[in-house]
Participant: 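Structure provided below as structure tokens; questions to follow.
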Amino acid sequence: MGEGERQTGQDQDLIEEIESFRSVLEREYEQKIAEVNKKRDEMLKTIQEMYIKKMGSLVEELDEQERKALSQAGNLEQTYKGKAERLIEEIDKSKLIESILHDISKELWPGLDDQNETFLSKGRSMDVT
């Protein structure tokens with residue numbers, strides 16, 4: 001066996017060893033990539049589950065706040081409705097009508113109050129009805 005054949009055999013062994021090493025590295029790389037992808041998918045799934053839970057709790061909280069607000073609005077409506085009804089009952093309708101007629105008369109006959117005051121100061125009143 002000559003020097004050249006032995007060198008070629010050593011080169012061939014070295015080439016096979018390098019290719020074997022490269023194959024091992026490629027398998028390890030693919031395995032690491034698969035592990036990283038799996039961890040990433042697990043993390044994404046965990047994040048999605050946490051997001052869904054958080055959104056659910058926020059929706060429940062908003063629903064509760066809405067129920068409270070509607071209840072308070074209903075209570076306020078009843079309170080002010082009752083107050084309005086009591087005020088309506090307390091209003092002296094004859095005085096209200098008199099006041100409205102007075103305002104209308106003032107707009108229609110602006111000088112009427114002055115003449116009426118003149119008559120009143122003399123002890124007389126002017127009948128506007």
Side-chain angles (χ1 to χ4, degrees):
M1 191 178 219
E3 186 65 34
E5 289 178 9
R6 198 167 30 135
Q7 185 65 35
T8 304
Q10 287 176 348
D11 288 348
Q12 188 63 31
D13 289 343
L14 186 59
I15 289 172
E16 287 175 8
E17 192 176 324
I18 289 173
E19 286 179 1
S20 173
F21 183 68
R22 190 181 85 196
S23 292
V24 168
L25 285 177
E26 284 177 352
R27 281 193 302 270
E28 286 180 9
Y29 174 78
E30 289 173 6
Q31 185 180 6
K32 292 290 183 184
I33 292 294
E35 289 173 9
V36 167
N37 285 339
K38 183 179 177 182
K39 285 182 182 179
R40 185 194 71 216
D41 290 343
E42 289 172 356
M43 290 175 72
L44 284 173
K45 185 178 178 182
T46 302
I47 289 170
Q48 287 173 337
E49 289 170 354
M50 291 169 54
Y51 173 80
I52 289 169
K53 286 179 184 176
K54 186 64 175 176
M55 289 304 293
S57 68
L58 288 174
V59 166
E60 287 175 11
E61 185 178 327
L62 286 173
D63 287 345
E64 181 62 29
Q65 289 178 0
E66 182 182 23
R67 279 190 290 277
K68 286 180 182 178
L70 288 172
S71 174
Q72 288 175 345
N75 291 341
L76 286 173
E77 181 182 13
Q78 289 302 319
T79 299
Y80 286 107
K81 198 175 201 179
K83 287 182 179 183
E85 288 171 357
R86 283 191 298 278
L87 284 174
I88 289 171
E89 290 172 4
E90 291 176 9
I91 292 175
D92 184 353
K93 290 180 177 70
S94 62
K95 286 187 179 179
L96 178 62
I97 292 170
E98 185 178 318
S99 173
I100 292 171
L101 287 174
H102 180 267
D103 290 345
I104 292 171
S105 298
K106 214 173 175 183
E107 287 182 24
L108 292 174
W109 302 287
L112 184 63
D113 279 339
D114 297 336
Q115 292 173 2
N116 205 13
E117 286 178 17
T118 306
F119 286 116
L120 287 175
S121 64
K122 295 181 182 174
R124 294 177 261 156
S125 67
M126 190 173 164
D127 187 15
V128 289
T129 56

Participant: In the structure I gave you, are the side-chain heavy atoms of Arg67 and Glu64 within less than 4.5 Å of one another anywhere?
Facilitator: yes

Participant: Within the structure provided, determine whether Arg40 and Asn37 are in side-chain contact (heavy-atom separation under 4.5 Å).
Facilitator: yes

Participant: Does any pair with a residue in residues 7-28 pass salt bridge (Lys or Arg N to Asp or Glu O under 4.0 Å), and if so which ones, sequence neighbours excluded?
Facilitator: Arg22-Glu26

Participant: Working to the nearest 0.5 Å, report the span between CD1 of Ile104 and NZ of Lys106.
Facilitator: 13.0 Å

Participant: Within this structure, what is the CG-CG distance for the pair Asp63 and Leu58, rounded to the nearest 0.5 Å?
Facilitator: 11.0 Å

Participant: With rounding to the nearest 0.5 angstrom, report the CD1 to CD1 distance, Ile52 to Ile47.
Facilitator: 12.0 Å

Participant: Roughly how far apart are Lys95 NZ and His102 NE2, rounded to 0.5 Å?
Facilitator: 14.5 Å

Participant: If the condition is side chain to side chain contact (heavy atoms under 4.5 Å, CB included), which residues does Leu96 pass it with, not counting sequence neighbours?
Facilitator: Ile91, Ile100

Participant: Any chance you could measure Glu42, atom CD, to Lys45, atom NZ, to the nearest 0.5 Å?
Facilitator: 8.5 Å

Participant: Output the distance between atom CE (Met43) and atom CE (Met50), rounded to the nearest 0.5 Å.
Facilitator: 10.0 Å

